**Student:** 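I'd like to ask you about the structure that follows.
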Amino acid sequence: MDVRAGDGREERRKAREHQPAQLRWIAQARGLAAALDALPNALLLVDPGPPLRIWHANAAARRLLAPGGLLALAGDRLVGTAPAATARLHAALQGALHPPAGVHQECRVLLDPASAPVALRVETLDFRGSADLPVQRLALVELPPAASADRVLPGLCRDYGLTRSEAETALRLYATGSVARISAQAQRSVHTIRTQLKA
């Protein structure tokens, strides 16, 4: 993330670089960031706060979170399409961070009343055993393609000859993994959903 003038981050970074334990942590963090950037999944490392801050967004997440989608990055914050959506997003992520480390949680957030809820996979990472790390807990958040449906749908329609409704159904299947859930969310019959998925 960008270092903003006057917030003290640059000074803290310089102070850390003169401590061997901090240098080891910085090298590990850079290695982790490079490994995450190589993955195709859109992943975020989130400091649950408060306030909730993005520590790292991998390359796939940065592409997904470009302006115009249901989710975006604003500095080191993850925001929704509207202030109410952002508040729901942050509340859902906070609620998903209570299980023990290593347990996957899924939280669903309604970011846009015209779209299906966005399903985020969340796993708490616990670093309390590492005294040289500046954080004790982070969340690993996986974003589904539906987080940027407005940008993805035209490409699906164009590349695969799908209608917008068929493309939305395909994204919803990825996000939910359930034809029954898609049917309930879209208020269409299971038969209609299956026909769209076949297309």
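Quick caveat, the model's predicted, so the values are computed rather than measured. Residue numbers count from 1 along this sequence.
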**Student:** Quick one: list whatever passes side-chain contact (heavy atoms from CB on, under 4.5 Å) with L140, sequence neighbours left out.
**Tutor:**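 Residues passing side-chain contact (heavy atoms from CB on, under 4.5 Å) with L140: L43, L45, L125.
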
**Student:** Do any pairs count as a salt bridge (Lys or Arg N to Asp or Glu O under 4.0 Å) and have a residue in residues 42-52, sequence neighbours left out, and if so which ones?
**Tutor:**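 Sorted pair list: D47-R53.
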
**Student:** Search all heavy atoms of A60 against all heavy atoms of P40 and return the closest pair with its distance.
**Tutor:**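 Heavy atoms of A60 and P40 come nearest at CB-O, 3.4 Å.
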
**Student:** Rounded at 0.5 Å granularity, tell me how far CG in L89 sits from CZ in R77.
**Tutor:**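 If we round to the nearest 0.5 Å, L89:CG and R77:CZ are 9.5 Å apart.
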
**Student:** Checking side-chain polar atoms at under 3.5 Å, does T192 have a donor or acceptor matched by the opposite partner on T195?
**Tutor:**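 Note: T192 and T195 side chains miss the donor-acceptor criterion.
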
**Student:** State which residues pass side-chain contact (heavy atoms from CB on, under 4.5 Å) with A91; sequence neighbours excluded, sorted by chain then number.
**Tutor:**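 For A91 there are no side-chain contact (heavy atoms from CB on, under 4.5 Å) partners, ignoring immediate neighbours.
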
**Student:** Grab the two heavy atoms, one from G161 and one from E166, that are nearest each other, plus how far apart they are.
**Tutor:**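 Minimum heavy-atom separation between G161 and E166: O-OE1, 4.4 Å.
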
**Student:** How would you list, by chain and number, every residue that makes a side-chain hydrogen bond (donor to acceptor under 3.5 Å, both in side chains) with S165, sequence neighbours excluded?
**Tutor:**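 side-chain hydrogen bond (donor to acceptor under 3.5 Å, both in side chains) list for S165, sorted by chain: R188, Q196.
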
**Student:** If only atom types and distance count, is the side chain of N58 paired as donor or acceptor with the main-chain N or O of A38 below 3.5 Å?
**Tutor:**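 A pair under 3.5 Å: no.
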
**Student:** Under the rule for side-chain hydrogen bond (donor to acceptor under 3.5 Å, both in side chains), what residues qualify as partners of R194, not counting sequence neighbours?
**Tutor:**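 Not a single residue meets the side-chain hydrogen bond (donor to acceptor under 3.5 Å, both in side chains) criterion with R194.
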
**Student:** Can you measure from CG (L143) to CG (L78) and round to the nearest 0.5 angstrom?
**Tutor:**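 CG of L78 is found 6.5 Å from CG of L143.
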
**Student:** What is the minimum heavy-atom distance between A57 and L73, and which atoms define it?
**Tutor:**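 In terms of heavy atoms, the two residues are closest at CB-CD1, 3.9 Å.
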
**Student:** Which heavy atom of S183 sits nearest a heavy atom of I193, and at what distance?
**Tutor:**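 What the structure gives for the nearest pair is CA-CG1, 4.0 Å.
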
**Student:** Taking side-chain contact (heavy atoms from CB on, under 4.5 Å) as the definition, give me every residue that meets it alongside A92, ordered by chain and number, with sequence neighbours left out.
**Tutor:**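 Residues passing side-chain contact (heavy atoms from CB on, under 4.5 Å) with A92: C107, V109.
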
**Student:** Rounded to the nearest 0.5 Å, what separates atom OG1 in T124 from atom CG in L138?
**Tutor:**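 With rounding to 0.5 Å, OG1 (T124) is 9.5 Å from CG (L138).
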
**Student:** Mind checking what makes side-chain contact (heavy atoms from CB on, under 4.5 Å) contact with A139, not counting sequence neighbours?
**Tutor:**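 Here the qualifying residues are V46, L97, V122, V141.
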
**Student:** Quick check for you: to the nearest 0.5 Å, what is the distance between D76 atom CG and I54 atom CD1?
**Tutor:**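 If we round to the nearest 0.5 Å, D76:CG and I54:CD1 are 8.0 Å apart.
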
**Student:** Can you check side chain to side chain contact (heavy atoms under 4.5 Å, CB included) on E142 and E123, steps first, answer last?
**Tutor:** CA-CA 9 Å; E142 182 178 359; E123 182 174 338; over 6 Å; no

**Student:** Measure the spacing between OG1 of T169 and NZ of K198 and express it to the nearest 0.5 Å.
**Tutor:**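 If we round to the nearest 0.5 Å, T169:OG1 and K198:NZ are 14.0 Å apart.
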
